[in-house]
Structure formats: structure tokens, C-alpha cells
Amino acid sequence: MERIPILRMGNYLLVTIQVDMHDRLAMQLQEDLTTRIAKDQARGVLIDISALDIVDSFIGRMLADIAGMSRVLDAQTVLVGMQPAVAITLVELGLSLPGVRTALDVERGMKLLEQSIDDQTFATRAHEDDGPGGES
């Protein structure tokens with residue numbers, strides 16, 4: 001069975017989609033990725049779609065679902081490398097990819113992911129410092 005590799009980089013998982021996505025492969029990626037997030041206790045997921053010329057509504061919805069599932073598992077998701085034609089198609093389809101953060105390339109995506117996780121950690125610590133009654 002064809003699978004998309006998922007690489008671990010510290011607290012993050014990196015997915016580089018180098019093949020044309022079809023529905024079954026997207027569903028397999030969703031299952032594999034959620035399993036790896038839980039197993040590795042990953043804090044973030046970076047999905048590189050720069051090799052994709054086409055993202056149809058199903059694949060777009062699957063990417064949004066992956067981001068939502070990742071959030072439930074306490075991991076942030078950043079989608080990078082979207083080609084202009086793909087962005088145009090997604091907008092024309094009316095698919096907004098709710099909950100999916102995007103960046104132009106892997107470097108910017110990693111910075112966005114790190115910043116997002118730092119902000120989340122700071123907010124959690126501030127909440128814990130407030131104590132149960134909201135005071136420190």
C-alpha cells in the first residue's frame with residue numbers, strides 16, 4: 001500500500017507530499033499522521049504541498065480535517081509550499097481551510113510553528129501561575 005512518509009524532527013512531524021494525492025492516500029495520511037502525533041507526542045505538524053499541482057475539494061477538506069484532528073491532539077499544523085494555482089482553485093471552490101495556518105516555504109513554516117507553540121506554552125504557564133482562583 002502506498003504511503004506518504006512522516007519524518008520526526010524533535011517535537012515536530014514533517015510531511016512532504018511528493019506524489020499526486022488521491023482520496024485513499026489522503027485518508028491513509030490522515031490516519032497515519034494522527035497515530036504518529038499521539039505516539040510521538042508531537043507538538044507540531046508541517047505539511048509541504050509544494051509538489052502538488054492540483055488540490056481538489058476532497059483533498060482540501062482532508063487537509064483541514066488533519067489540522068483539526070491535530071489540534072485536538074494538542075499539535076499545531078502549518079501547510080507550506082502552496083502553489084498560486086492551487087490557492088486560486090481552493091478559493092474558487094469556496095474552500096477556506098479553517099484552522100489551517102499557511103506559510104510560503106518550509107523555513108517560514110517552521111518559524112510559524114515554533115512561534116505558535118511558544119505562544120501556546122506561554123499562555124498555559126500564565127494560566128497555571130494564576131492558580132485555581134485566577135490569582136497568583
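In this text the structure is predicted, and so the values were computed from the model without any measurement.
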Practice item. Take Asp32 and Arg3 through the test side-chain contact (heavy atoms from CB on, under 4.5 Å) and record every step on the way to the result. Key: CA-CA 9 Å; Asp32 291 347; Arg3 289 179 185 254; 2.7 Å; yes
Do [X] and [Y] come close enough that some side-chain heavy atom pair is under 4.5 Å?
X: Phe58; Y: Met27; result: yes
X: Arg71; Y: Thr77; result: no
X: Arg24; Y: Glu2; result: no
X: Val78; Y: Met110; result: no
X: Val80; Y: Arg108; result: no

[atom2] on [Y] to [atom1] on [X], rounded to 0.5 Å:
X: Arg36; Y: Glu31; atom1: CZ; atom2: CD; value: 13.5 Å
X: Ile59; Y: Asp23; atom1: CD1; atom2: CG; value: 5.5 Å
X: Leu113; Y: Gln76; atom1: CG; atom2: CD; value: 7.5 Å
X: Asp48; Y: Gln18; atom1: CG; atom2: CD; value: 6.5 Å
X: Ser50; Y: Leu79; atom1: OG; atom2: CG; value: 10.0 Å
X: Met9; Y: Leu46; atom1: CE; atom2: CG; value: 7.5 Å

Review point. What pairs meet the side chain to side chain donor-acceptor pair (under 3.5 Å) rule with one or both residues in residues 88-106, with sequence neighbours excluded?
Key: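 As it turns out, the side chain to side chain donor-acceptor pair (under 3.5 Å) pairs with a partner in residues 88-106, which skip direct neighbours, are Arg101-Ser116.
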If hydrophobic clusters are built from ILVMFWY residues whose side chains come within less than 4.5 Å, do [X] and [Y] share one?
X: Leu13; Y: Ile47; answer: yes
X: Met62; Y: Ile6; answer: yes
X: Val45; Y: Ile4; answer: yes
X: Ile88; Y: Leu63; answer: no
X: Leu95; Y: Val100; answer: yes

Review point. Which pair of heavy atoms, one from Val55 and one from Leu93, lies closest together, and at what distance?
Key: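 Residues Val55 and Leu93, closest heavy atoms: O-CD1, 4.4 Å.
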Check your understanding: What are the two closest non-hydrogen atoms of Ala75 and Ala42, and how far apart are they?
Key ->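 Nearest heavy atoms, Ala75 then Ala42: CB-O, 3.5 Å.
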Review point. What pairs with Met69 under side chain to side chain contact (heavy atoms under 4.5 Å, CB included), at least two apart in sequence or on another chain?
Key: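 Only Gln30, Thr34, Asp65 meet the side chain to side chain contact (heavy atoms under 4.5 Å, CB included) criterion with Met69.
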Practice item. For the pair Leu29 and Val15, evaluate side-chain contact (heavy atoms from CB on, under 4.5 Å) and give the outcome as yes or no after the intermediate values. Key: CA-CA 9 Å; Leu29 174 61; Val15 178; 3.9 Å; yes
